[in-house]
Amino acid sequence: MDKQIAVGGEERMAITERPGSVAKSAPRARGIDRVVHILDYLYRQGRPLRVNEIAKGIGAPRSTVYEIADHLLQEQMLEVFDDEGRVFLGRRLYFYGLAYTERFDLTREAGKHLKSLTEKTGETSQLCVMQGDKYAVIMMDHGVRHFKISSNVGETIALPWTASGRLLVSHLTDGEILKLIPEKDFILPDGRPLPTTKFLDEVRVASEVGFFSCDTIVDSYTHCFAAAVINEKRECVATLCLVVPREDAYRRFDALKEALTGEAEALSDVLRGGRSAPA
C-alpha cells in the first residue's frame, strides 16, 4: 500500500511501503528537494529567518515554501523563534542528531581521541570532514587557551583554505577535485589566487604521508596541523586537527605532529575493525 503526503501546493513527495518500489514522479523529487533546501539554507545561515526570506534565498515560490514550512513546524522540524514569525531548525532535528552521533562509529569513537589529543597537547583538537564541496568542523575538544583560535563547529570553509582540505579530497583524481571545488574557492581570503597545480601537488604529498600542516590562511597568527582518518577502503573520511599559535607550533612541531598522527592512526584502526579505545 502506498501513502502520499502533501508538502506544498502541486508538489508532493510519496513515501512508499512497498519493498523495491521505484519513484516514478518528478514532482515528488522536487518536493523532497524543497524540504532539504529549506533545512540546509537555515543551517547555512545560522539564524532564524522569515519564510519569505527563505523562499528568496533558495529561489522557490513563496506559496510552496510557506506550505512546506507549515508542515515542518507541525512536525517540530522547524520552530518559530519570535513574534515576527521567524523560524529555525527544530528540536526534532536535534534528536535526530543525537541518534546519529550515538550510532555513527566515527563521531562516537572520535570523541575519545579528541579528548586524549587535547590532554596530551593542551591544545584545541577538532574532527573535520568534507561537507559537499566545503570543509567543516563537526566535533571539538577545547584546550587550555582562553581565546578563540579555531573555526566554530558546523562552520563551512573553502577546502583549499585548510590543511585538512588537502587530505579530504585525496581519494579523488585531479579532474574530480577540480570539478568538485568551485573556482572562487581558490581565491584566498587576502585576494591572492592559489594555483590549482600547487594545490594538487600538495594533495598528493599529503596523501602519501597522511599529514599536512600550514599557517592558517583565514588568520595571521595560527598554524593548523591535520592528520588523515582512514577507513577500510583506504579513503580519508575525516581529519583530526590541532590549531596552535604559530610560535608554539614551530617550537613544538615534532611533538604535536606525533601526538596528532598517533591519535588519527588509532581512530583509523577502529574504523577498519580494530578495538575501540576505552571510554
Participant: Can you sort out the partners of Leu180 under side-chain contact (heavy atoms from CB on, under 4.5 Å), two or more places apart, ordered by chain and number?
Facilitator: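 Leu180 satisfies side-chain contact (heavy atoms from CB on, under 4.5 Å) with Met130, Asp133, Leu159, Val169, Leu172 only.
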Participant: By ring-ring contact (aromatic ring centres under 6.0 Å, His included), which residues pair with Phe225, not counting sequence neighbours?
Facilitator: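 Testing Phe225 for ring-ring contact (aromatic ring centres under 6.0 Å, His included), a comparison that skips the adjacent residues, returns His223, Phe253.
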Participant: Any side-chain donor paired with an acceptor under 3.5 Å for Arg62 and Tyr66?
Facilitator: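 Judged by distance alone, the side chains do not pair up.
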Participant: Could you list the residues that satisfy salt bridge (charged side-chain N to carboxylate O under 4.0 Å, His left out) with Arg234, not counting sequence neighbours?
Facilitator: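 In terms of salt bridge (charged side-chain N to carboxylate O under 4.0 Å, His left out), with neighbours along the sequence ignored, Arg234 is linked to no residue.
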Participant: With sequence neighbours excluded, tell me which residues meet salt bridge (charged side-chain N to carboxylate O under 4.0 Å, His left out) with Asp190.
Facilitator: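 Here the qualifying residues are Arg192.
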Participant: Would you mind listing every ring-ring contact (aromatic ring centres under 6.0 Å, His included) that reaches into residues 180-203, with sequence neighbours excluded?
Facilitator: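 Matches after skipping sequence neighbours: Phe186-Phe199.
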Participant: If you look only at pairs with a residue in residues 255-264, which of them pass as a side-chain hydrogen bond (donor to acceptor under 3.5 Å, both in side chains), with sequence neighbours excluded?
Facilitator: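 Pairs touching residues 255-264 that pass the test: His113-Glu263, Ser116-Glu263, Lys120-Glu263.
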Participant: Considering residues at least two apart in sequence or located in another chain, which fulfil the side-chain contact (heavy atoms from CB on, under 4.5 Å) criterion with Pro195?
Facilitator: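 Per chain and number, Pro195 pairs via side-chain contact (heavy atoms from CB on, under 4.5 Å) with Thr197, Lys198.
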Participant: Got Met77 and Leu39 here, is their nearest side-chain heavy-atom distance under 4.5 Å?
Facilitator: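 Side chain of Met77 against side chain of Leu39, heavy atoms only: contact under 4.5 Å found.
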Participant: Taking only residues two or more places apart in sequence or in another chain, which ones pass side-chain contact (heavy atoms from CB on, under 4.5 Å) with Arg251?
Facilitator: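 side-chain contact (heavy atoms from CB on, under 4.5 Å) list for Arg251, sorted by chain: Asp248.
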Participant: Using the test side-chain contact (heavy atoms from CB on, under 4.5 Å), find all partners of Asp201 that sit at least two apart in sequence or belong to another chain.
Facilitator: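 Asp201: no side-chain contact (heavy atoms from CB on, under 4.5 Å) contacts found.
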Participant: Mind checking salt bridge (charged side-chain N to carboxylate O under 4.0 Å, His left out) for Arg86 and listing every partner two or more places apart, or none if nothing turns up?
Facilitator: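 Here the qualifying residues are Asp82, Glu84.
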Participant: May I have all residue pairs that pass side-chain hydrogen bond (donor to acceptor under 3.5 Å, both in side chains) and include part of residues 162-172, sequence neighbours excluded?
Facilitator: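 As it turns out, the side-chain hydrogen bond (donor to acceptor under 3.5 Å, both in side chains) pairs with a partner in residues 162-172, which skip direct neighbours, are Ser164-Thr239, Arg166-Glu202.
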Participant: Residues two or more places apart in sequence or in another chain: which of them pass salt bridge (charged side-chain N to carboxylate O under 4.0 Å, His left out) with Asp70?
Facilitator: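 Applying salt bridge (charged side-chain N to carboxylate O under 4.0 Å, His left out) to Asp70 gives none.
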